[in-house]
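Note on naming: letters A, B, ... go to the chains in the order of the sequence lines (proteins, then strands), and numbering restarts at 1 for each one.
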Amino acid sequence: MSASTEHLLNNIRQLQKNLPAPDQPWLNTFREAGLSRFAEAGLPTRKTEAWKYTNVKPLAENNYWQNAPATSEADTYTAKSYLFEGTSNPRLVFVNGRYTQTLSNIPVLENGVIIEPLENALKNRPGLVREHLGKAVSEAHPFAAINAGLIANGLFVFIPPSVVLNEPIHVLLLNTEQTTRFSAHPRILIAAGNHSTAEIITHEAAIGNVDAFNNCVTEFVLEAGAQIKHSKLQTGGNTGINLSGCYVQQARDSRFESHTISLGGRLLRNDLNVKFTEPGASCSLNGLYIGCNAQHIDNHTTIEHAAPYCDSHEYYKGLIADQAHAVFNGRIHIHPDAQKSNADMQNKNLLLSAKAEIDTKPELEIYADDVKCSHGATVGQLDSKQLFYLQTRGMNPQAAAQMLSAAFLGELLEQLPSESLRQKATKLVESRLHEITQRPVR
Amino acid sequence: MSSQSQQDVEEIIDRSYEFGFVTDIESESAPPGLNEDVIRLISTKKNEPEFLLEWRLRAYRHWLKMREPKWAHVHYPPVDFDAISYYSAPKSLKDGPKSLDEVDPELLNTYEKLGIPLHERARLAGVAVDAVFDSVSVATTFKEKLSEAGVIFCPISEAIQTHPELVKKYLGSVVPYTDNFYATLNSAVFSDGSFVYIPKGVRCPMELSTYFRINAANTGQFERTLIIADEGSYVSYLEGCTAPMRDENQLHAAVVELVALDNAEIKYSTVQNWYPGDENGKGGIYNFVTKRGACLGKHSKISWTQVETGSAITWKYPSVILRGDHSIGEFYSVALTNNFQQADTGTKMLHLGKNTRSTIISKGISAGKSQNTYRGLVRTGAGAENARNFTQCDSLLIGDRCGAHTFPYIESRQPSAVIEHEATTSRIAEDQLFLCQQRGIDAEKAVSMIVNGFCKEVFNQLPMEFAVEAHKLLEVSLENAVG
């Protein structure tokens, strides 16, 4: 273990001391296992292949490794404006990593559905949590390991077999401006029983110049035939670091749909890992990202075809302007004997500024022969002919550029399953595009 | 598959490597192991000028600080660099042959067996052959015709004597001695290789060709090739290789440097068929090669075409640095792996100049228990306005125990650049096979036909003689795999 890793580990141990310590030896073992995994991996550097383009060195600084001050009334008040309007949906709000009951809404649930803060679930039904916790998370990921080491806050959702949840579950993870830096390590665990159906909408938001480190891990365990839709909206925050991991494990004939809309954050990294453990499972992963100013947006996805007869589709589109830096790394891994696998992956980028950068790496790793796999990646700019055409119809160049950019990204917005989210995201994307295209010509 | 064709397949699978034999010639070798004395010995033996010895020593000292790269998708037992002899020369050639008649008849025999009857082929095909047998060049033909045109085509050891200023200027200018572990090792101990200089405005009157051959046991082969195309010139260079059968792994760490000045064009074609090891993965060549071209001038062009069927391990990324405005880089590759072969190959296209263009077409075929990886980098620098890249890499899998992998890196810093990458992986379609068989073509021929069609885009880039050879090579290597 290097000195810097050891130093960091001490910081994490300090944080660990303040966690609620339920009288459960297995949980302590779970946390310890996480920390020892991190001790082994250490803080990744640019020399680590998975972190080649993303520098997390600032995390070595001490002041990120402390809890946020207690949630103030002002924070609560600000958070209100981030809630989805007028819904009776189950709603869970976390301000600076802490569950905030006053803003949350957990309706009376029927059919044995469980939606509750993880802290409570660990107390009330440790057996059920233990059964699913950590099942889907990739062992090697250093930040997932830290999250496991600090597990306490977050959300537990259990959907019993054959139950269909009609209303989407809203989760708001909001970081507000504080006088000091802090970190939050929430864990969202969603266990979907056989042939159950549910939709989750996560909104990761930051306000103003909040300089926090958000290390969120979302875990989905899908039993046979389960169908889960997950949308993730990421907004706000000119400073700070957001590392958001999402790990999915899929049993026979289950289906997972993911939509990631990344608009905010200075350093943003999404790790999305899907593993098919039984035949017949399928997933579709969509992603949209807009990078402007000095933003750094990194999307890493891995799809493990560990069983035959599975399908995966992946479609990520991004627009990069100003001095922003975007990274896409998609990996499809077909295991030996995962015959009859279908996998396709597309990544398309618009690079709009001479100071912006895009690094894309769609990977295929294939160990079975009866498969159909393809991937594609493009980097380009707005079509000058199309721009010209719109101008001949009386549009100014900025409006034309905005319209074409919106069209480029539009197909991903259209696929968002939730109407209210679609409206919200479309508005945000439009205003962001307006902001980018209205700038003086570079 | 029917039992009859199954039998055929097994029979073919059992076929041993056709080109496996050892020529028995006394070698004068340096003792195994590497130190500064060995480098001084190599340099003295070759009567090299001071600057080159210094360069070799600098490389050696740098190499000591380096570690073997581990990032490639290949696995092999560690190479014992102290067990390798870094210098060997066929003894009977100490004084150097003046013409073909003076060449050791046993050597010529070797080429006969390989199907490269040197004088025959050279005369008939109009190809000048600079045949490298182990480390010392043994025969160079058509020199006169080339010198008439002003083309310099000779072993690099000779060029060091006769044209030290050119060597000094360009050696290490594209692949610096600090570049990577194997290139650094090569810089320290390179034995021999080809040197080509095409003067201004000259179109080389014939295709230049070198046949390499590893022979003496335990001798690493460290070829160094340097090709310089001066303004407005053109050259097409062919490189092909086969190797005798051997049980121990042999290391091959060559370096090829290409320099194209304004309006110059270099076309470099390779058919690589080093001994791939037997069906149990025993033996075979480790082929760790650094190939790179620099389009220094405006409107220059460098084109790599490779057909890789041999070697136990291939680790090779022929690259182009597109520095000159309007320069063009091309990479056409067929990589076929069978049995326990491992290939990690691809290219790098580094766009620095304005309006630079690059095309990458890569076809990987893996069979048996082999692993075949495409690894490529396309980078457009901030100054590479209107740069354009198109990449297509397709993989074909034959058998359910092999692997095909694609790792493309795309890095763009230029908003006017357009980069496209696409890749597919699949196996031979049942319906295509069925159609062929229905027309009376047996399964094996059908597979070969489909695969040859799959590779056609690349074969079309090869010069005529090579295309025929590549076609045949693929057929032989492939048939082993169907089943």
Heavy atoms only, distances under 4.5 angstrom: which of [options] has the most pairs with chain A? Name it, please.
{"options": "B/Ile428, B/Val418, B/Asp400", "result": "B/Asp400"}
{"options": "B/Pro415, B/Ala382, B/Cys393, B/Gly403", "result": "B/Pro415"}
{"options": "B/Leu397, B/Thr425, B/Leu377, B/Asn389", "result": "B/Thr425"}

Checking heavy atoms, do the side chain of [X], its backbone, both or neither come under 4.5 Å from chain A?
{"X": "B/Gln371", "result": "side chain"}
{"X": "B/Arg375", "result": "neither"}
{"X": "B/Ala423", "result": "both"}

Drop me the distance from [X]'s [atom1] to [Y]'s [atom2], to the nearest 0.5 angstrom.
{"X": "B/Gln414", "Y": "A/Ser353", "atom1": "CD", "atom2": "OG", "value": "9.5 Å"}
{"X": "B/Thr424", "Y": "A/Lys372", "atom1": "OG1", "atom2": "NZ", "value": "11.5 Å"}
{"X": "B/Arg413", "Y": "A/Ile358", "atom1": "CZ", "atom2": "CD1", "value": "11.0 Å"}
{"X": "B/Tyr409", "Y": "A/Glu363", "atom1": "OH", "atom2": "CD", "value": "6.5 Å"}

Side chain, backbone, both or neither: which part of [X] has a heavy atom under 4.5 Å from chain B?
{"X": "A/Phe328", "value": "neither"}
{"X": "A/Ala356", "value": "backbone"}
{"X": "A/Lys355", "value": "neither"}
{"X": "A/Gln346", "value": "neither"}

Using a cut-off of 6.0 Å, state whether more than 12 heavy atoms not belonging to [X] lie near its atom [atom1].
{"X": "B/Tyr76", "atom1": "OH", "result": "yes"}
{"X": "B/Arg357", "atom1": "CZ", "result": "no"}
{"X": "B/Lys348", "atom1": "NZ", "result": "no"}
{"X": "A/Tyr309", "atom1": "OH", "result": "no"}

Taking every non-hydrogen atom, the tightest pair across [X] and [Y]:
{"X": "B/His405", "Y": "A/Ile366", "answer": "ND1-N, 3.0 Å"}
{"X": "A/Leu351", "Y": "B/Ser412", "answer": "CD2-OG, 3.4 Å"}
{"X": "B/Pro408", "Y": "A/Pro362", "answer": "CD-O, 2.7 Å"}

Checklist outcome for this item: With chain B, the option among A/Gly380, A/Ser384, A/Ala377, A/Pro336 that has the most non-hydrogen atom pairs under 4.5 Å is A/Ala377

Item to check | Option in A/Lys361, A/Lys52, A/Arg331 with maximal non-hydrogen atom pairs under 4.5 Å from chain B | outcome: A/Lys361

Next on the checklist: In the structure I gave you, are the side-chain heavy atoms of B/Ser416 and A/Gln381 within less than 4.5 Å of one another anywhere?
Outcome noted: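 Touching, per the 4.5 Å side-chain cut-off.
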
Checklist entry - Are the side chain of B/His421 and the backbone of A/Thr378 linked by a donor-acceptor contact shorter than 3.5 Å? => result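 Answer holds: no.
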
